[in-house]
Amino acid sequence: MRSLRFLLSRRWALFALAIVVVATATWWLGQWQFHRLDDRKESNAVVRANEDQAPAPVGEVLGTDTEVGEADEWRVVSATGTYDTDDTVIVRYRTRDGASGVDVVVPLVTDSGTSLLVDRGWMATDARGLDTADVPDPPAGEVTVTGYVRADGSGDSTAVVDNATRAVSAEAIGQAQQREVYDGFVELRSEDPAPATALEPVELPELDNGPHFFYGLQWWFFGLLAIFGFLYLAYDEWRGGRSGDRPAAGGPKPPKVRKEKRTNHPYARMRAEAEDREAAERERQREDA
């Protein structure tokens, strides 16, 4: 009967513990990826539903004291007002297809006096950056815009310095310009009348499921591979551990068999042949006696 006592050794116990840790970690990482997949599907469903709705008046979706909820992200709203180009804000460090550029945000002052921050689009820049004087002018006079609702950014990147920022925050821009603004902002979809020079339009989000499903399967596969490897090595150890095949722990070790050294020297070869003949002659004499 082959014994499994080797599994109780310190080496195998630590090995098994390591496999348990690896398997648990890969299971958790797989679950995390599948949760991200569920979140992605829910987000995509909200975006699809909001994009299919008719534009709503901005006052029905955005307020001045409420944050933009997840259910309103990418909702299409409309507003009418006049652009205040003197307070144009440059959003730096925006890249597209490897090219550096900026987004251009201009407050649209509505009839109520509350300003709607409109991200009018993207334009390429060189390493020196961009000044507001280099930005193409928006339509003059009264303008009707439609755009996709976006939530404010957060953190230090929203700080506004000299009408420039790294992330759009209506609260930060409103405080810097001392104006009342709607919470959140919109990314421009259309302007009426159209501008003389249009900026690059907003890039809509990709509505696929991403790589999360295959990443989850990949993590689970790694966990199963670790378990299978442990079981195979344990089986291999058990198969080669028959009683009598190996010396008992603490018992005497079998004597080492010394291999006879051979040489091709002529004298040594003649001497070995002579010894072999003498041994064979003695053996015959013993047999005849």
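- When side chains are defined from C-beta on, Val68 counts as touching Val149, because their heavy atoms get closer than 4.5 Å.
- Counting heavy atoms from C-beta outward, Val102 and Met123 have side chains that approach closer than 4.5 Å.
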Side chain to side chain contact (heavy atoms under 4.5 Å, CB included) evaluation trace for Val145 with Tyr83: CA-CA 10 Å; Val145 302; Tyr83 281 121; 3.3 Å; yes
CA sep, side-chain torsions, deciding dist, call: Leu199, Val104, side chain to side chain contact (heavy atoms under 4.5 Å, CB included): CA-CA 9 Å; Leu199 302 176; Val104 179; 3.8 Å; yes
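- Listed by chain and residue number, nothing satisfies the side chain to side chain donor-acceptor pair (under 3.5 Å) test with Arg166 (two or more places apart in sequence, or in another chain).
- Under a cut-off of 6.0 angstrom, the local environment of CD in Glu73 is crowded, with over 12 non-hydrogen atoms contributed by other residues, nucleotides or ligands.
- Contacts of Asp192 classified as salt bridge (charged side-chain N to carboxylate O under 4.0 Å, His left out), with partners at least two apart in sequence or in another chain: none.
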Let me check something: any side-chain donor-acceptor pairs from residues 31-38 under 3.5 Å, sequence neighbours excluded? List them with distances.
{"from": "Gln33", "atom 1": "OE1", "to": "His212", "atom 2": "ND1", "distance (Å)": "3.1"}

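- The side chain to side chain contact (heavy atoms under 4.5 Å, CB included) test applied to Ala176 returns Val160, not counting sequence neighbours.
- Taking Ser157 as the reference, nothing meets the side chain to side chain donor-acceptor pair (under 3.5 Å) condition, with sequence neighbours excluded.
- In plain terms, the two heavy atoms of Leu117 and Ala170 that are nearest each other are CD1-CA, 3.5 Å.
- Going from atom CG of Leu217 over to atom CH2 of Trp220 covers 7.5 Å, rounded to the nearest 0.5 Å.
- Rounding to the nearest 0.5 Å places OG of Ser43 at 9.5 Å from CZ of Arg48.
- Leu231 is connected to Trp238 through a chain of hydrophobic side-chain contacts under 4.5 Å among Ile, Leu, Val, Met, Phe, Trp and Tyr, so both are in one cluster.
- Both Leu233 and Leu7 belong to a common hydrophobic cluster when Ile, Leu, Val, Met, Phe, Trp and Tyr are linked at side-chain heavy-atom distances under 4.5 angstrom.
- Side-chain atoms of Val186 and Leu116, non-hydrogen and from C-beta on, do get closer than 4.5 Å to each other.
- Taking the salt bridge (charged side-chain N to carboxylate O under 4.0 Å, His left out) definition, one finds that Arg179 meets it with Asp84, Asp87, sequence neighbours left out.
- When every heavy atom of Pro139 is checked against every heavy atom of Pro193, the shortest pair comes out as CG-O, 3.1 Å.
- In this structure, Asp103 CG and Thr165 OG1 are separated by 11.0 Å, a value rounded to the nearest 0.5 Å.
- For Ser112, the side chain to side chain contact (heavy atoms under 4.5 Å, CB included) test picks out Thr110, Thr114, Tyr182, with sequence neighbours left out.
- The closest side-chain heavy-atom distance from Val135 to Ile90 is below 4.5 Å.
- To the nearest 0.5 Å, atom CD of residue Glu187 and atom CD of residue Glu203 are 9.5 Å apart.
- Judged as a side chain to side chain contact (heavy atoms under 4.5 Å, CB included), and not counting sequence neighbours, the contacts of Pro211 are Tyr215.
- Here the straight-line distance linking atom CZ of Arg150 with atom CZ of Arg75 works out to 15.5 Å at 0.5 Å rounding.
- In the hydrophobic clustering of ILVMFWY residues, with side-chain heavy atoms under 4.5 Å counting as a link, Tyr93 and Trp122 come out apart.
- In this structure Asp208 satisfies the salt bridge (charged side-chain N to carboxylate O under 4.0 Å, His left out) test together with Arg40, sequence neighbours excluded.
- Hydrophobic clustering (ILVMFWY, side-chain heavy atoms < 4.5 Å, transitive): Ile227 and Phe230 are in one cluster.
- Taking every heavy atom of both residues into account, Ser100 and Thr95 meet most closely at CA-CG2, 4.1 Å.
- With no hydrogens or angles considered, no side-chain donor-acceptor pair links Thr146 and Ser78 at under 3.5 Å.
- Across all their heavy atoms, Ala164 and Arg92 have their closest contact at CB-NE, 3.7 Å.
- You'll find the side chain of Ile173 reaches within 4.5 Å of the side chain of Gln177, heavy atoms only.
- Screening residues 110-120 for salt bridge (Lys or Arg N to Asp or Glu O under 4.0 Å) gives Arg120-Glu191 as the qualifying pairs, with residues at least two apart or on separate chains.
- With a 4.5 Å cut-off on side-chain heavy atoms, Arg189 and Val202 do not count as touching.
- A donor-acceptor contact shorter than 3.5 Å is absent between the side chain of Thr158 and the backbone of Gly153.
- Atom CD of Glu67 has 12 or fewer heavy atoms from other residues, nucleotides or ligands within 6.0 Å.
- Residues satisfying the salt bridge (charged side-chain N to carboxylate O under 4.0 Å, His left out) criterion with Asp183, sequence neighbours excluded, are absent altogether.
- Side-chain contact between Gln218 and Phe214 is absent, with no heavy atoms from C-beta onward closer than 4.5 Å.
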Evaluation steps, side chain to side chain contact (heavy atoms under 4.5 Å, CB included), between Thr80 and Leu108: CA-CA 8 Å; Thr80 300; Leu108 181 75; over 6 Å; no
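- Annotation: side chain of Val77 is not in contact with side chain of Asp72 (no heavy-atom distance under 4.5 Å).
- Residue Phe228 is not grouped with residue Phe222 when hydrophobic side chains (ILVMFWY) are merged at heavy-atom distances under 4.5 angstrom, including chains of intermediate members.
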Using a 3.5 Å cut-off and no angle test, enumerate the donor-acceptor pairs between side-chain atoms of residues 8-29 and protein atoms at least two apart in sequence or in another chain.
{"from": "Ser9", "atom 1": "OG", "to": "Phe6", "atom 2": "O", "distance (Å)": "2.7"}
{"from": "Ser9", "atom 1": "OG", "to": "Trp12", "atom 2": "N", "distance (Å)": "3.4"}
{"from": "Thr24", "atom 1": "OG1", "to": "Val20", "atom 2": "O", "distance (Å)": "2.8"}
{"from": "Thr26", "atom 1": "OG1", "to": "Val22", "atom 2": "O", "distance (Å)": "3.0"}
{"from": "Thr26", "atom 1": "OG1", "to": "Ala23", "atom 2": "O", "distance (Å)": "2.9"}

